[in-house]
Engineer: 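Before I ask anything, let me first share the structure, which is written out below as C-alpha cells.
Note on naming: letters A, B, ... go to the chains in the order of the sequence lines (proteins, then strands), and numbering restarts at 1 for each one.
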Amino acid sequence: MHITRKEYLLEQKEKGRRLMGVFPALYPREILWALDIVPAEIWDPPLEIRQAGAHLQPYICSVVRLGLELILQGKCDFLDGFLFPHTCDSIQNLASVIYDFIGARKPCYFFYHPKIPHGHTARDYYLKNLKALAAELKRQFGPLKMDSLREKVDMGRRISELLGELYDLRAARRLDASNEAFYRTIRKGEYLFPDDYIAELEGFLTQTRSEESRNGATIILSGILPNPPQILTLLDDLDVQVGHDDLLNGSRRLLISNEKPGDPFEYMAECYFHMPPCPTRGSSISDRMRHLLSLINATGAKGVIFNVVKFCEPEWFDVPNLQEELKKRGVPSLVLDTELNQGLSGQMKTRLEAFIEIVRVHRESITTKH
Amino acid sequence: MKDLGAPLLFRIMEKRKKKRLREPNPFMGPPLKCAGRLRQIMTRHYYLSRFAKGARPVAWVTSGAPVEILRVFGFYTIYPENHGALCGAQKMGPELCAEAEKKGYHSDLCSYARIDLGHAFSGKTPAGRLPRPDLLFASNNICQTVLYWYKQLSHQWDIPLITFDTPYNFQEIRSGDIHFMVRQFEEMVPELEKISGRKYSHKRFQKIIRIAAETSRTWGQVLAAMKHRPAPMTIFDAFVHLAPVVSLRGLPVALEYYRVLLNELNERIEEGIGAVREEKKRLMWDNIAVWFKLRDWSHLFAERGVNFVAATYTNAWAETIHHLTEESPFESMAKAYSLIILNNNLSHRLKLMEKMIRDYQVDGLVILSLRSCKPYSVGQYDLKRLLMERLGIKSLIIESDMTDFRTYSEEQARTRIEAFLEGLGV
Ligand code: SF4
Ligand code: SF4
C-alpha cells in the first residue's frame with residue numbers, strides 16, 4: 001500500500017466509515033471496528049510544537065504535546081471523535097483539557113482500564129467498562145451487531161497471530177527485514193482497518209520470511225515507541241537487529257490468549273489480562289523483569305536499550321531497577337532520554353555506537369537465572 | 001505503645017527553639033498559639049514511629065489513601081509525602097533527591113518520590129529514623145505516580161503493596177466505578193487481617209469513620225474561618241496545620257487538635273486579629289506548597305498587605321472526606337476518595353476554584369506550576385485563562401518545585417511576584 005496515512009483515512013471516510021482519533025495506548029479496538037469506526041492512533045505526529053505550549057507546560061512529554069498540537073493545528077478536523085484511554089496522569093489531564101476546556105467540537109470518550117493487573121475484581125470491572133464503552137459508542141455510531149463484533153474479534157486474533165509470527169521469526173533471526181521496515185509495517189496497525197492490516201502483514205511475512213539465519217548482534221528495545229526513527233536506521237547501519245521489543249506501541253499490546261473466542265467481550269477481557277507486562281497497567285517490577293529475561297532468552301539478545309520518552313513517569317520509574325537486575329545478570333543496557341521527532345543528537349549517536357561495541361564484544365552467554 | 005522519651009525530646013526541642021527564636025515580623029499578626037501544640041503532635045508522631053516496629057504493624061500510605069481501613073487493624077501510619085514536605089521545609093530536598101538520582105532515578109520525577117527513595121537508600125531524614133513498613137498502601141486518586149513509586153519500594157524491600165484503584169472521573173462518577181472500589185475494600189480486609197494479625201471489627205471501623213469525617217469537617221471550618229476579613233490565619237499556616245488531617249486522620253488526636261485551633265481562630269475573629277496586620281488584598285493559591293519558601297513568602301506578601309486566604313490544596317482534605325458515613329462506610333469511602341480534586345475532571349476544578357474565589361473574596365490567584373506533579377499542573381494554563389475570562393481575576397504562574405530548589409530561580413520568581421503585586425495595586 002503506497003498511500004499516506006491521511007490519504008488512507010480520507011479514503012475510508014469516503015467509504016462511509018467513521019474515524020476516531022485515539023490517544024495511547026490500550027483500548028478495545030475490536031469494538032470500534034465492529035461499529036465501522038477506523039481508529040487513527042495519535043502517538044508521534046511529525047509536527048513542530050507551536051500552539052500546544054499555550055496549554056501545556058514544557059515538562060509534559062512530547063506524546064501528549066504533539067497530540068494536542070495535532071488537534072490545535074486543525075489536522076484532526078476530519079475525525080469524528082476522540083478516545084482517551086487512561087494511560088497515565090498526563091493523558092488523563094490532557095483528555096480533560098480537550099474535553100472540558102479546548103472544546104474540540106467532537107465527541108470525546110474516555111476508557112479507564114484497571115491499574116490492578118490481576119484478580120476477579122479487576123477483570124469484572126474491565127469487562128463492565130468494555131460494555132459501557134460499547135454502549136456509549138453505539139449511541140453515536142449506530143447499532144453494534146454481535147456478529148460483526150465476533151468477526152472483528154476474529155480479525156484481531158488473526159492480527160495477533162500474524163504479529164506473533166513476525167516477532168517469532170525475527171527472534172529466531174529468520175526475518176529478512178531491516179529494523180526500519182519492520183516497525184514501518186507494524187506501525188501501520190495504528191490506522192489501518194483490520195482487513196487491510198491483515199493483508200499488509202501477510203504480504204510482509206511472505207516477502208521477509210527467510211530460510212537462512214541472520215547474523216549480527218541482537219538487542220531488545222524497551223520503551224514507549226520506536227522514535228526517533230533514526231535509532232532504527234542507525235542500528236540497521238551497524239548491522240544490529242532488534243530481536244524483540246518491550247514497547248508500549250509494539251509487543252506490549254500483543255493480545256495473547258490461548259482461549260478460543262466465545263463471548264467476544266469475555267475474550268477481549270481475557271486478552272487484556274494476558275498482555276505482556278506494562279507499567280501503565282500496574283505490572284510489578286518482577287513481572288516486567290521476568291518478561292524482559294524471557295525476551296532475552298528467546299532472542300539471544302546481548303543488550304537492552306531503554307529508549308525512554310522524556311518526562312514519561314511510568315517508564316522512568318521502572319528503569320533503574322530493571323537496569324540493576326540486568327546488570328546482576330551481566331546484560332548490558334543503555335538508557336536514552338528522548339524527545340520525539342528530534343532525531344539523534346551527536347551525543348546520543350556516539351552513546352549508541354559505543355553501546356553496540358560493548359554488546360558486540362559481550363559474546364559470552366548470558367546467565368538468565370530467574 | 002509507651003511514650004518512651006518523648007517528653008524529654010520535647011524539652012530539648014523547646015530549648016533549641018528558644019535559642020532560634022526570630023524577631024516577630026511587624027507586618028504579620030501574632031503567631032498562632034496552637035503552633036507549639038501542632039509541633040508536639042507531629043514530633044511525637046515521628047518520634048513514636050521509631051518504636052512502632054514490632055509493637056504495631058507499620059504502613060506507609062499515600063496522602064489521598066483511605067487510611068480509615070488501616071486504622072481498624074491498628075497500623076501505625078507513615079506518610080512519605082508528609083515526610084517529603086518536612087524534608088522540603090528543612091531544605092533537605094536536593095540532598096535526598098540526589099541520593100535517588102545516584103541510583104538512576106531521573107531528576108524529572110516527582111520530588112516527593114525521589115526524597116522518599118533517597119531516604120530509603122541512604123537512611124537520611126530530619127525525623128531521626130522512619131520505621132520500615134510491613135505494608136505499602138497506595139491509591140492513585142492523587143496520581144498514578146504513587147503507584148510507580150510504591151512499586152519500587154515494594155520491590156526493593158520485598159514488602160506487600162496494596163493498591164486502591166480509583167477510576168478517574170472524566171465526567172460524573174459511575175455506579176460501576178463505585179462497585180469496583182467497594183469490592184476492592186472487601187478484598188482488602190482478609191489481606192489486612194493477615195498482615196496485621198488482627199481481626200476486622202465493624203464497630204471499630206464505624207468509630208474511626210465517624211472521627212475521620214468529623215476531623216475533615218472541622219478542618220473545613222478551620223479553612224472557612226479565612227473567609228473573614230481580616231483572615232485570622234494565612235494559607236501558609238494552613239499548609240503546616242494540614243499535617244494532622246493528612247497523617248493522623250481517623251485518630252482522636254487530630255480532631256481534638258482542630259477543635260482547639262478552630263477556637264483560637266474564632267477568638268481571633270472576635271478580636272479582629274488578622275494574620276496580616278493590614279490586609280489589603282486577598283489571594284488564592286493553586287497547587288502544593290513550596291515548602292522551602294514558606295516563611296520567606298509569607299513575609300514577602302505580608303509586607304505588602306497581602307494575605308493568602310484559600311488554596312485548592314488545603315481544601316482537598318475538607319472537600320469530600322466529611323461525606324464518610326458509618327452507615328455505609330465502604331461505599332461512602334469509595335465516593336469520598338474518588339471524588340477528590342485530583343481524581344476529578346478539570347471542569348470540576350474550574351467550578352470549585354470559581355466558588356472559592358467568590359466565597360473567600362479573592363482578588364488574585366497564584367498558580368504554582370510544578371514539574372514534579374503532572375496531575376496538579378496539566379490544565380493550569382487553561383484554568384488561568386478561563387478564570388480571567390469569567391471572573392476577571394488576575395493570576396500569576398510561578399515555576400518551581402515543592403522541595404527540590406535546584407530548579408528554582410529566586411530572581412525570576414521575585415521579579416514576577418513584584419510585577420504581579422504591582423498589578424494588584426499594592
Ligand atoms: S510517553 Fe509516557 S507520559 Fe507520555 S503519554 Fe505516553 S505513557 Fe504518558
Ligand atoms: S506531588 Fe503530585 S505526582 Fe507527586 S505524589 Fe503528590 S500528587 Fe503524586
Side-chain angles (χ1 to χ4, degrees), chain A residues 53-61 64 84 86-90 92-97 99-102 108-116 119-122 124-125 128-129 131-132 279-280 282-286 289 308 310-321 323-324 335 337, chain B residues 100 103-106 108-110 113 117 140 143-145 147-149 151-152 154-156 161 163-171 174 176-177 179-181 183-184 186-187 342-350 369-383 385-386 397 399:
Chain A
H55 302 271
L56 298 171
Q57 289 91 335
Y59 51 78
I60 306 304
C61 81
V64 165
F84 301 93
H86 188 269
T87 305
C88 59
D89 289 324
S90 298
Q92 165 196 293
N93 279 33
L94 173 75
S96 192
V97 165
Y99 178 69
D100 292 310
F101 294 162
I102 292 180
C108 293
Y109 302 89
F110 189 76
F111 182 66
Y112 191 86
H113 49 85
K115 304 299 176 285
I116 309 171
H120 290 299
T121 300
D124 291 350
Y125 175 67
K128 272 192 199 143
N129 272 0
K131 291 182 180 168
T280 71
S283 305
S284 68
I285 309 267
S286 348
M289 195 57 214
V308 193
K310 192 157 181 59
F311 305 117
C312 174
E313 294 217 330
E315 291 295 309
W316 276 113
F317 266 102
D318 280 3
V319 165
N321 264 314
Q323 260 203 309
E324 177 74 23
V335 184
D337 191 359
Chain B
K103 294 274 181 183
Y105 291 92
H106 201 294
D108 288 335
L109 295 174
C110 164
L117 292 165
N140 56 346
C143 60
Q144 311 311 303
T145 302
L147 304 186
Y148 316 139
W149 155 16
K151 201 168 76 170
Q152 310 303 315
S154 170
H155 180 79
Q156 187 80 21
L161 163 65
T163 298
F164 177 54
D165 186 2
T166 53
Y168 179 72
N169 298 301
F170 183 59
Q171 291 168 328
R174 301 175 309 168
D177 296 340
H179 180 70
F180 173 49
M181 290 181 273
R183 287 225 1 221
Q184 292 180 62
E186 288 163 357
E187 283 181 356
L342 292 183
N343 203 47
N344 222 336
N345 55 69
L346 291 169
S347 173
H348 163 267
R349 200 186 305 181
L350 177 63
S369 164
L370 263 184
R371 71 193 285 119
S372 266
C373 187
K374 272 69 173 180
Y376 223 138
S377 305
V378 176
Q380 284 178 321
Y381 290 2
D382 285 283
L383 284 165
R385 173 179 57 81
L386 289 162
I397 293 189
E399 301 281 342

Engineer: Under a 4.5 Å heavy-atom cutoff, which of A:Ile285, A:Ile60, A:Leu56, A:Val97 has the most pairs with chain B?
Structural biologist: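 Top count of heavy-atom pairs under 4.5 Å with chain B: A:Ile285.
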Engineer: Would you say A:Phe317 and B:Thr145 make side-chain contact, with heavy atoms under 4.5 Å?
Structural biologist: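 When only atoms from C-beta onward are counted, B:Thr145 and A:Phe317 do touch, with a gap below 4.5 Å.
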Engineer: Decide if atom OH of A:Tyr109 counts as having more than 12 heavy atoms of other residues, nucleotides or ligands within a radius under 6.0 Å.
Structural biologist: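 Count over threshold, so yes.
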Engineer: Are side-chain heavy atoms of B:Leu350 and A:Asp100 found at a separation under 4.5 Å?
Structural biologist: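 In short, these two side chains do not touch, never coming nearer than 4.5 Å.
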Engineer: Is it the case that the side chain of A:Gln57 and the backbone of B:Arg371 share a donor-acceptor pair, with hydrogens and angles ignored and the cut-off at 3.5 Å?
Structural biologist: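 No: the side chain of A:Gln57 does not pair with the backbone of B:Arg371.
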Engineer: At a heavy-atom distance under 4.5 Å, which candidate from A:Trp316, A:Phe84, A:Phe101 has the highest pair count against chain B?
Structural biologist: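 Maximum pair count with chain B is reached by A:Phe101.
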Engineer: Given heavy-atom pairs under 4.5 angstrom as the criterion, report whether the side chain, backbone, both or neither of B:His179 touches chain A.
Structural biologist: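 B:His179 touches chain A through side-chain heavy atoms alone.
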Engineer: Name all residues meeting the ring-ring contact (aromatic ring centres under 6.0 Å, His included) criterion together with A:Phe111; count only those two or more places apart in sequence or in a different chain, and write none if there are none.
Structural biologist: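 So A:Phe111 forms a ring-ring contact (aromatic ring centres under 6.0 Å, His included) with A:Tyr126.
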Engineer: At a 4.5 Å cut-off on heavy atoms, which part of B:Leu147 comes close to chain A: side chain, backbone, both, or neither?
Structural biologist: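 Side chain only.
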Engineer: Flag the pair B:His155 / A:Asp318 as yes when at least one side-chain heavy-atom distance between them is below 4.5 Å, and no otherwise.
Structural biologist: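 Answer no - side chains too far apart.
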Engineer: Side chains of B:Tyr168 and A:Asn93: closer than 4.5 Å at any heavy-atom pair?
Structural biologist: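 In contact.
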Engineer: Is the shortest side-chain heavy-atom distance between A:Asn321 and B:Lys151 below 4.5 Å?
Structural biologist: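 A:Asn321 does not reach B:Lys151 side chain to side chain.
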Engineer: Do A:Asp89 and B:Val378 have side chains that get closer than 4.5 Å, going by heavy atoms?
Structural biologist: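 A side-chain contact is absent here, since even the closest heavy-atom pair is not under 4.5 Å.
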Engineer: What closest approach, in Å, do A:Gln92 and B:Pro375 show between heavy atoms, and which atom pair accounts for it?
Structural biologist: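 It is NE2-CB, 4.5 Å.
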Engineer: Heavy-atom cut-off 4.5 Å, strictly under: side chain, backbone, both or neither for B:Asn140 against chain A?
Structural biologist: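 Just the side chain, heavy atoms under 4.5 Å.
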Engineer: Using non-hydrogen atoms only, which part of B:Ile397 is less than 4.5 Å away from chain A: side chain, backbone, both, or neither?
Structural biologist: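 Contact with chain A: none, neither part.
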Engineer: Determine whether B:Glu186 and A:Thr121 make a side-chain contact, defined as any pair of heavy atoms from C-beta on separated by less than 4.5 Å.
Structural biologist: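 In short, these two side chains do not touch, never coming nearer than 4.5 Å.
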Engineer: Measure B:Lys103 against the heavy atoms of chain A and call it side chain, backbone, both or neither at under 4.5 Å.
Structural biologist: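 It is the backbone, since no side chain atom gets that close.
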Engineer: If you tally heavy-atom pairs under 4.5 Å against chain B, which of A:Gly119, A:Ser284, A:Ser283, A:Pro58 wins?
Structural biologist: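 Answer, by heavy-atom pair count under 4.5 Å with chain B: A:Ser283.
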Engineer: Just checking, is any N or O donor in the side chain of B:Ser369 or A:Tyr59 under 3.5 Å from an acceptor N or O on the other one?
Structural biologist: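 B:Ser369 vs A:Tyr59: donor-acceptor pair found between side chains.
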Engineer: Do you know the tightest heavy-atom contact between A:Ser90 and B:Lys374?
Structural biologist: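 In terms of heavy atoms, the two residues are closest at OG-CG, 3.3 Å.
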Engineer: When heavy-atom pairs shorter than 4.5 Å are enumerated against chain B, which of A:Phe110, A:Tyr99, A:Phe311 gives the highest number?
Structural biologist: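 So the answer, after comparing A:Phe110, A:Tyr99, A:Phe311, is A:Phe110.
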Engineer: Between A:Asp337, A:Val308, A:Val64, who has the most heavy-atom pairs with chain B when the cutoff is under 4.5 Å?
Structural biologist: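 Of A:Asp337, A:Val308, A:Val64, A:Asp337 has the most heavy-atom pairs under 4.5 Å with chain B.
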Engineer: Who wins among A:His86, A:His55, A:Lys310, A:Glu324 for the most heavy-atom pairs under 4.5 Å with chain B?
Structural biologist: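 Maximum pair count with chain B is reached by A:His55.
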Engineer: Which atoms of B:Leu346 are under 4.5 Å from chain A, going by heavy atoms: the side chain, the backbone, both sets, or neither?
Structural biologist: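 Both backbone and side chain.
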Engineer: Considering only heavy atoms, which portion of B:Glu187 lies under 4.5 Å from any heavy atom of chain A: side chain, backbone, both, or neither?
Structural biologist: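 Only the side chain of B:Glu187 comes within 4.5 Å of chain A.
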Engineer: Heavy atoms only: give me the nearest A:Ser96-B:Phe170 pair and the separation to one decimal.
Structural biologist: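 That closest heavy-atom pairing would be N-CE1, 4.2 Å.
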Engineer: For the residue pair A:Pro279 and B:Tyr148, what are the closest heavy atoms and their distance?
Structural biologist: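 Smallest interatomic distance, heavy atoms only, reads O-CE2, 3.8 Å.
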